[in-house]
Protein chains: 2
Amino acid sequence: MTAATETPKPNLLELLWRAAPEAGRGPRKKLTVDEVVAAAIGLADAEGLEAVTVRRLAQELGKAPMTLYTYVPGKNELVALMLDTLFERMERTAPHGSWRERLAAVARDNYALYRVHPWAAAASPSRPPLGPGQCAKYEHELRALEGLGLGDVEMDDALTYLLAFVRTAAQDAAQSEAERAASGMDDQEWWEANGPLLAKVLDTERFPTAVRVGQAAGEAHDAAYNAEHAFEFGLARTLDGLAALIER
Amino acid sequence: MTAATETPKPNLLELLWRAAPEAGRGPRKKLTVDEVVAAAIGLADAEGLEAVTVRRLAQELGKAPMTLYTYVPGKNELVALMLDTLFERMERTAPHGSWRERLAAVARDNYALYRVHPWAAAASPSRPPLGPGQCAKYEHELRALEGLGLGDVEMDDALTYLLAFVRTAAQDAAQSEAERAASGMDDQEWWEANGPLLAKVLDTERFPTAVRVGQAAGEAHDAAYNAEHAFEFGLARTLDGLAALIER
DNA sequence: TTCGTACGTTGTATATTGTACAACGTACGA
DNA sequence: TCGTACGTTGTACAATATACAACGTACGAA
């Protein structure tokens with residue numbers, strides 16, 4: 001019952017800021033948190049986040065699975081670290097031009113990040129933990145909104161709104177790709193398989209507008225859902241929406 | 001090698017439209033797909049989607065786990081059915097007023113759905129499978145966009161954009177609540193635990209804007225992240241953004 | 001220099017998950 | 001009436017995160 005020998009789990013924040021008290025006695029660590037996180041990111045990039053299991057990652061690093069728990073308290077914390085590392089590394093276009101150009105650049109930087117690391121869109125929460133990467137990102141992105149006459153709270157609201165749009169757009173794009181890949185059917189095969197039933201069931205009496213618009217949308221985009229188009233359309237709308245706030 | 005006795009797995013679309021050919025011989029089924037789906041929805045509402053396991057759901061229905069696979073080919077299909085059922089049942093405010101009021105009503109109906117069934121926001125893809133519920137929903141929502149001078153493709157784009165916003169807002173709200181509940185810390189406890197480190201690490205030299213704006217935002221909302229505020233702010237922006245398209 | 005102990009490493013083990021497979025029995029159609 | 005298609009279910013398996021304890025390393029005090 002002696003509480004003296006308790007080794008408290010490192011906090012997520014301490015981990016993010018690499019503020020863990022370094023060990024004294026015992027064997028030297030043969031890895032670093034950064035190496036573990038980098039390996040996890042590489043694995044996720046190559047094979048998706050679902051391939052990042054403790055076993056697999058350990059194997060990739062030439063260690064036993066349980067070893068990783070010395071570096072990271074659990075898998076959730078690992079993912080948080082992966083994300084913050086991405087945020088730290090990501091491209092930050094130097095701000096210039098009108099506020100609209102500056103915000104568009106912020107949006108495109110984020111979208112590019114998520115397109116290169118599709119797993120990140122799904123993993124990233126609306127309010128990421130305050131790691132160094134996230135803070136640097138927040139600082140940079142807020143600067144695109146300075147000097148526009150917005151209050152501090154409005155600046156945060158506007159940025160959160162913009163980033164949520166981008167994250168969702170990227171998430172939808174990645175998911176749509178993943179579904180296509182998983183089904184193993186291209187569009188034509190899908191229609192051959194499901195067309196007859198749909199034709200029977202989608203009568204224009206019950207769903208006149210839906211059938212008309214759905215068909216038009218389907219034909220306009222080469223796939224059933226064209227992610228890039230949705231992003232461009234949404235970005236324009238989002239900036240228009242912010243214009244109503246900024247230029248009021 | 002006789003292919004005559006193959007019982008092909010029922011297609012997801014067939015399942016959604018309840019178009020499966022009813023069985024002839026053999027014992028009578030003691031449940032229906034709808035009962036299974038309804039039980040799953042109830043379970044998810046009460047204890048979250050992660051509580052909906054095959055074993056648990058079977059127990060709830062007084063059956064052996066594997067029995068469920070007679071009604072549903074797998075868990076993915078079950079979730080799709082749960083969602084479509086929600087869409088079928090959901091409130092659809094009768095359209096009236098300006099286009100802005102009509103679209104706001106669509107957004108609020110969706111938001112209300114996701115707030116009552118928080119698991120649905122996370123589970124629902126950007127393009128849900130074309131079940132009867134989804135079709136009825138699509139038809140109803142498109143009508144709020146008719147007669148505004150938009151092309152068919154633009155109508156679909158605009159609706160997709162609006163719905164993605166609502167889904168994300170609801171998702172973020174649910175996630176923020178879940179995290180709060182999971183951590184078991186209220187805001188004060190969190191600050192007591194993490195404040196000292198943050199104070200050390202967030203120096204105003206590196207992150208001047210971030211610290212200033214972050215503090216203002218944190219104080220403005222009673223919690224670190226106020227979901228309802230984000231929804232109202234975002235809805236206004238989203239409608240403003242669509243206004244630029246509609247009233248051009 | 002020595003030696004106790006804190007701590008890194010790892011093998012084993014457990015509780016959960018989705019679902020494949022085969023046995024069993026029911027009730028329809030010939 | 002009876003064969004067989006199909007609903008039901010027990011058992012089984014692979015994969016997950018991670019708890020626990022054994023083992024050995026190397027630091028810090030003697």
Side-chain angles (χ1 to χ4, degrees), chain A residues 2-10 12 15 20-33 35-36 39-40 43-44 47-82 119 123 182, chain B residues 2-10 12 15 20-33 35-36 39-40 43-44 47-82 119 123 182:
Chain A
T2 57
T5 335
E6 273 178 19
T7 304
K9 266 193 184 180
L12 172 57
L15 213 59
E22 4 189 336
R25 279 178 276 209
R28 293 192 194 105
K29 292 197 169 194
K30 289 167 186 166
L31 291 171
T32 63
V33 175
E35 283 173 302
V36 173
L43 193 50
E47 305 183 32
L49 192 56
E50 75 280 1
V52 182
T53 68
V54 178
R55 285 165 173 76
R56 179 70 195 281
L57 183 55
Q59 181 190 335
E60 217 76 24
L61 290 162
K63 296 283 157 189
M66 288 309 292
T67 304
L68 302 191
Y69 287 92
T70 328
Y71 298 91
V72 159
K75 203 187 175 183
N76 293 338
E77 288 81 358
L78 174 63
V79 174
L81 283 164
M82 292 166 68
W119 53 271
Chain B
T2 58
T5 334
E6 273 178 18
T7 304
K9 265 194 183 179
L12 173 56
L15 213 59
E22 3 189 337
R25 279 178 276 207
R28 294 191 195 104
K29 292 198 169 194
K30 289 167 184 164
L31 291 171
T32 64
V33 175
E35 283 173 302
V36 173
L43 192 50
E47 305 180 34
L49 193 57
E50 76 280 359
V52 182
T53 67
V54 177
R55 286 167 173 76
R56 179 70 194 283
L57 183 56
Q59 182 190 335
E60 216 77 23
L61 290 162
K63 294 284 159 190
M66 288 310 291
T67 304
L68 302 190
Y69 287 90
T70 328
Y71 298 92
V72 161
K75 203 188 176 183
N76 293 339
E77 287 82 357
L78 174 64
V79 174
L81 282 164
M82 292 167 68
W119 53 271

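Quick note on labels: first sequence line is chain A, next is B, and so on, each numbered from 1.
The main-chain N or O of T70(B) is found under 3.5 Å from a side-chain atom of K29(B) such that the two form a donor-acceptor pair. Checked by atom type and distance alone, the side chain of Y71(A) pairs as donor or acceptor with a backbone atom of L31(A) at under 3.5 Å. Here the side chain of E35(A) pairs a donor or acceptor atom with the backbone of T32(A) at under 3.5 angstrom.
For L57(B) and dT16(C), the CG to C1' distance is 16 Å, given to the nearest whole Å. Distance L68(A) CG to dA19(D) C1': 15 Å, rounded to the nearest Å. In this structure, Q59(A) places its CD atom 14 Å from P of dT10(C), rounding to the nearest Å. The separation between R25(B) atom CZ and dG25(C) atom C1' is 16 Å, rounded to whole Å. We find that CD of E50(A) is positioned 20 Å from P of dT17(C), with the value rounded to whole Å. The OH-P distance, from Y71(A) to dT10(C), rounds to 9 Å in whole Å. Rounded to whole Å, atom C1' of dA15(D) lies 11 Å from atom NZ of K75(A).
Comparing dT26(C), dC28(C), dA17(D) by their closest approach to the side chain of P27(B) singles out dT26(C). Checked against dC28(C), dA17(D), dT19(C), the side chain of T53(A) finds its nearest nucleotide in dA17(D). Comparing dC6(D), dT5(C), dT11(D) by their closest approach to the side chain of M66(B) singles out dT11(D). The side chain of K63(B) approaches dT9(D) more closely than any other nucleotide in the set dT19(C), dT9(D), dG3(D).
Nucleic acid contact class of T67(B) (heavy atoms, under 4.0 Å, all strands): base.
Contact annotation: Y69(B) does not reach the phosphate of dG7(D) (side-chain N/O to OP1 or OP2, under 4.0 Å). Here R28(A) reaches the OP1 or OP2 of dC27(D): one of its side-chain N or O atoms lies under 4.0 Å away.
From R56(A), atom CZ reaches atom CD of E50(A) across 10.5 Å, with rounding to the nearest 0.5 Å.
Judged by closest nucleotide on DNA chain C, A64(A) is the one of N76(B) and A64(A) placed further toward the 5' end. Of the two residues contacting DNA chain D, namely G26(B) and K30(B), the nearest-nucleotide position lying further toward the 5' end is that of G26(B). Nearest-nucleotide positions on DNA chain C for T70(A) and R55(A) put T70(A) closer to the 5' end.
For the pair L68(A)/L61(A), a side-chain contact is recorded, criterion being any heavy-atom separation below 4.5 Å from C-beta on. L49(B) is listed as a side-chain neighbour of M82(B), based on a closest heavy-atom distance under 4.5 Å.
Across its full length, the helix from dT1(C)-dA30(D) to dA30(C)-dT1(D) shows an angle of 10° between the axes of its 5 terminal pairs at either end, rounded to 10 degrees.
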Audit row: L78(B), L57(B), side chain to side chain contact (heavy atoms under 4.5 Å, CB included) steps and yes/no
CA-CA 11 Å; L78(B) 174 64; L57(B) 183 56; 3.8 Å; yes
